[in-house]
Peer 1: 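Sharing a structure, written as structure tokens. Questions coming.
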Number of protein chains: 2
Amino acid sequence: MTTSPVTSGTHQAARAAGPPLTERQQERRRRILRTAAALACRGGFDAVQMREVAESSGVALGTLYRYFPSKIHLLVATMQDQLERLLEQLRRHPPAGDDPGTRVTEALMRAFHGLQREPQLAEAMVRALSFADRSVSAEVDQVCRLTTAIVLDAMGQDRPPSARQRAAVRVIEHTWQSALVTWLSGRSSIAEVRSDLETAARLLTLE
Amino acid sequence: MTTSPVTSGTHQAARAAGPPLTERQQERRRRILRTAAALACRGGFDAVQMREVAESSGVALGTLYRYFPSKIHLLVATMQDQLERLLEQLRRHPPAGDDPGTRVTEALMRAFHGLQREPQLAEAMVRALSFADRSVSAEVDQVCRLTTAIVLDAMGQDRPPSARQRAAVRVIEHTWQSALVTWLSGRSSIAEVRSDLETAARLLTLE
DNA sequence: GGGTAAAGTAGAACAGGTTTCAGTATCGAA
DNA sequence: TTCGATACTGAAACCTGTTCTACTTTACCC
């Protein structure tokens with residue numbers, strides 16, 4: 001066990017152990033993530049091959065594994081990266097809508113369309129996310145926190161959410177996650193995804 | 001491409017192509033599924049190794065692949081097998097409860113405790129299920145139908161469900177599926193799973 | 001029973017994720 | 001500037017899912 005540059009996103013989010021990355025290291029990390037996303041875009045999960053990621057980002061295989069201890073870690077980090085971007089974007093242009101339910105559905109559907117634009121990338125990230133085992137749970141958790149942030153933002157409520165609302169948010173997130181999986185495996189349509197999100201969002205305005 | 005003994009469950013459920021299996025073939029199939037489940041029980045997804053499944057069930061590797069074209073197919077079939085058993089059991093002892101929501105939560109929690117008894121097996125099956133790509137969608141769909149059957153049974157309603165109810169059932173299933181994943185990766189507790197199911201089930205009695 | 005097509009067997013070969021190792025480059029502190 | 005620790009490189013090796021091949025057995029039809 002050596003210390004390693006495995007820290008999470010480039011953002012202000014919770015950072016854990018390890019010395020801060022040097023400039024060159026951050027650069028390497030970004031390059032790797034960019035390559036992974038590019039490979040995923042054309043070919044999905046299977047096209048992200050560790051040897052090729054390493055080569056294309058000009059890094060030795062061992063180094064790649066020092067940054068991301070598995071292919072799953074790599075793809076989950078990629079998802080984190082994308083979600084952070086999305087969250088920023090949503091903050092710049094928050095969804096309009098009369099009630100929280102509508103806004104939440106809107107925000108998630110916008111996220112959905114973002115993913116739809118690069119379906120192969122989405123496939124790669126989501127499969128990694130749901131295949132992840134305990135060794136990745138910290139990173140997956142981070143992704144969940146980002147989703148929660150998106151939903152809470154969309155609710156756009158001053159007060160902290162009530163217990164009921166927090167419960168509703170959990171179910172909305174479950175629905176989002178699972179709907180994504182079924183959509184990617186071709187078992188449900190965009191329309192169904194929207195309808196499912198709307199149904200779950202009804203829990204927000206309940207009582 | 002040759003025809004193959006890849007048909008679905010041993011049940012009366014929708015069967016598709018291929019000649020019916022001979023006695024010995026059914027026997028082989030059962031043996032394979034039994035072995036897979038046994039290996040999964042002690043060691044989870046990773047412990048189900050195709051060479052070992054083949055050897056332990058006294059079948060050549062090529063034959064194993066003729067029956068189940070991938071490890072994912074094998075584990076999804078295992079899940080199907082288990083769910084069929086569970087459904088029968090639930091039909092023998094249907095959940096009691098005043099309203100549909102309670103009964104549905106109860107049924108799913110009972111399923112949950114069933115899985116909890118063999119957590120490694122659960123891990124193997126659920127990971128396979130959510131990692132499955134399009135090539136397995138028929139089999140995954142069958143699993144979903146079984147889950148739906150469990151929920152509809154638990155609702156115990158004479159009339160066919162309304163559009164609202166069908167929408168609620170979908171969200172409940174999403175919640176179930178995703179809650180399972182988060183529980184298996186240690187990111188949520190049984191109590192949280194129950195609470196999530198209860199929240200989703202509230203959609204049933206809504207309006 | 002004899003012939004044949006499909007199913008099964010044993011084992012090698014291939015592919016891609018992961019690990020390992022010996023050597024080289026880089027970085028931070030003295 | 002130099003030293004020691006850590007990071008990086010290149011390449012081979014390892015493991016397991018999957019495919020392939022040559023051969024044998026089985027099921028079925030005449």
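Below, chains carry the letters A, B, ... as their sequence lines are ordered, and counting in each starts from 1.
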Peer 1: Let me know the distance between CZ of A:Phe45 and P of C:dG17, rounded to the nearest Å.
Peer 2: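 Interatomic distance, CZ of A:Phe45 to P of C:dG17: 8 Å.
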Peer 1: Which whole-number value in Å describes the distance from A:Phe68 CZ to C:dT18 C1'?
Peer 2: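 Interatomic distance, CZ of A:Phe68 to C1' of C:dT18: 16 Å.
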Peer 1: For the pair made of CZ in B:Arg127 and P in D:dG17, what is the distance, rounded to whole Å?
Peer 2: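 Going from CZ in B:Arg127 over to P in D:dG17 covers 12 Å.
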Peer 1: I'd like to know whether B:Glu198 forms a salt bridge (Lys or Arg N to Asp or Glu O under 4.0 Å) with B:Arg202, so could you lay out the CA-CA distance, the side-chain angles of the two residues, the decisive distance to 0.1 Å, and finally the verdict.
Peer 2: CA-CA 6 Å; B:Glu198 280 166 351; B:Arg202 289 235 311 285; over 6 Å; no
Peer 1: Let me know the distance between CZ of A:Arg28 and P of C:dT26, rounded to the nearest Å.
Peer 2: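 A:Arg28 atom CZ is separated from C:dT26 atom P by 9 Å.
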Peer 1: Nearest nucleotide by nearest heavy atom, which residue falls closer to the 5' end of DNA chain D, B:Leu61 or B:Thr22?
Peer 2: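 In this pair, the answer is B:Leu61.
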Peer 1: May I ask you to verify if any side-chain N or O of B:Thr63 is less than 4.0 angstrom from the OP1 or OP2 atom of C:dT9?
Peer 2: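 Yes.
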Peer 1: How long is the line joining OH of B:Tyr65 and P of C:dA10, in whole Å?
Peer 2: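 For the pair B:Tyr65 OH and C:dA10 P, the rounded distance is 17 Å.
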Peer 1: If only side-chain N and O atoms count, and only distance matters, is there a donor-acceptor pair under 3.5 Å linking A:Ser130 with A:Gln177?
Peer 2: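 A:Ser130 and A:Gln177 do not have a side-chain donor-acceptor pair below 3.5 Å.
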Peer 1: Between D:dT16 atom C1' and B:Glu52 atom CD, what is the distance in whole Å?
Peer 2: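 Rounding to the nearest Å, CD of B:Glu52 and C1' of D:dT16 are 12 Å apart.
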Peer 1: Report the distance from atom CG of B:Leu64 to atom C1' of D:dT19, rounded to the nearest whole Å.
Peer 2: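 Distance check: B:Leu64 CG to D:dT19 C1' gives 13 Å.
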Peer 1: Of the nucleotides D:dT16, C:dA10, C:dG16, which one has an atom closest to the side chain of A:Arg51?
Peer 2: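 Closest nucleotide to the A:Arg51 side chain: C:dG16.
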Peer 1: Would you indicate what A:Val48 reaches in the nucleic acid, counting non-hydrogen atoms under 4.0 angstrom: base, sugar-phosphate, or nothing?
Peer 2: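 Contact class for A:Val48: sugar-phosphate only.
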Peer 1: Is any side-chain nitrogen or oxygen of A:Gln25 closer than 4.0 Å to OP1 or OP2 of C:dC27?
Peer 2: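 No, outside the criterion.
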Peer 1: Please determine whether a side-chain nitrogen of the Lys or Arg among A:Glu123 and A:Arg127 lies less than 4.0 Å from a carboxylate oxygen of the Asp or Glu.
Peer 2: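 A salt bridge is present here (some side-chain N lies under 4.0 Å from a carboxylate O).
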Peer 1: Return whichever of B:Ser70 or B:Arg24 has its heavy-atom-nearest nucleotide of DNA chain D closer to the 5' end.
Peer 2: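 Going by which nucleotide is closer to the 5' end, it is B:Ser70.
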Peer 1: Are side-chain N/O atoms of A:Ser185 and A:Arg187 paired as donor and acceptor at under 3.5 Å?
Peer 2: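 Yes, because at least one side-chain N or O of A:Ser185 sits under 3.5 Å from a partner of the opposite role on A:Arg187.
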Peer 1: Could you tell me how far apart B:Met50 (CE) and D:dT18 (C1') are, to the nearest whole angstrom?
Peer 2: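 Taking atom C1' of D:dT18 as the reference, CE of B:Met50 is at 9 Å.
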Peer 1: Taking OP1 and OP2 of C:dG8, is either one under 4.0 Å from a side-chain nitrogen or oxygen of B:Tyr67?
Peer 2: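 Checking C:dG8 against B:Tyr67, a side-chain N or O does come within under 4.0 Å of OP1 or OP2.
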Peer 1: For the pair B:Phe131 and A:Phe131, name the ring-plane relationship: parallel under 30°, tilted 30 to 60°, perpendicular over 60°.
Peer 2: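 If you compare the ring of B:Phe131 with that of A:Phe131, the planes turn out tilted.
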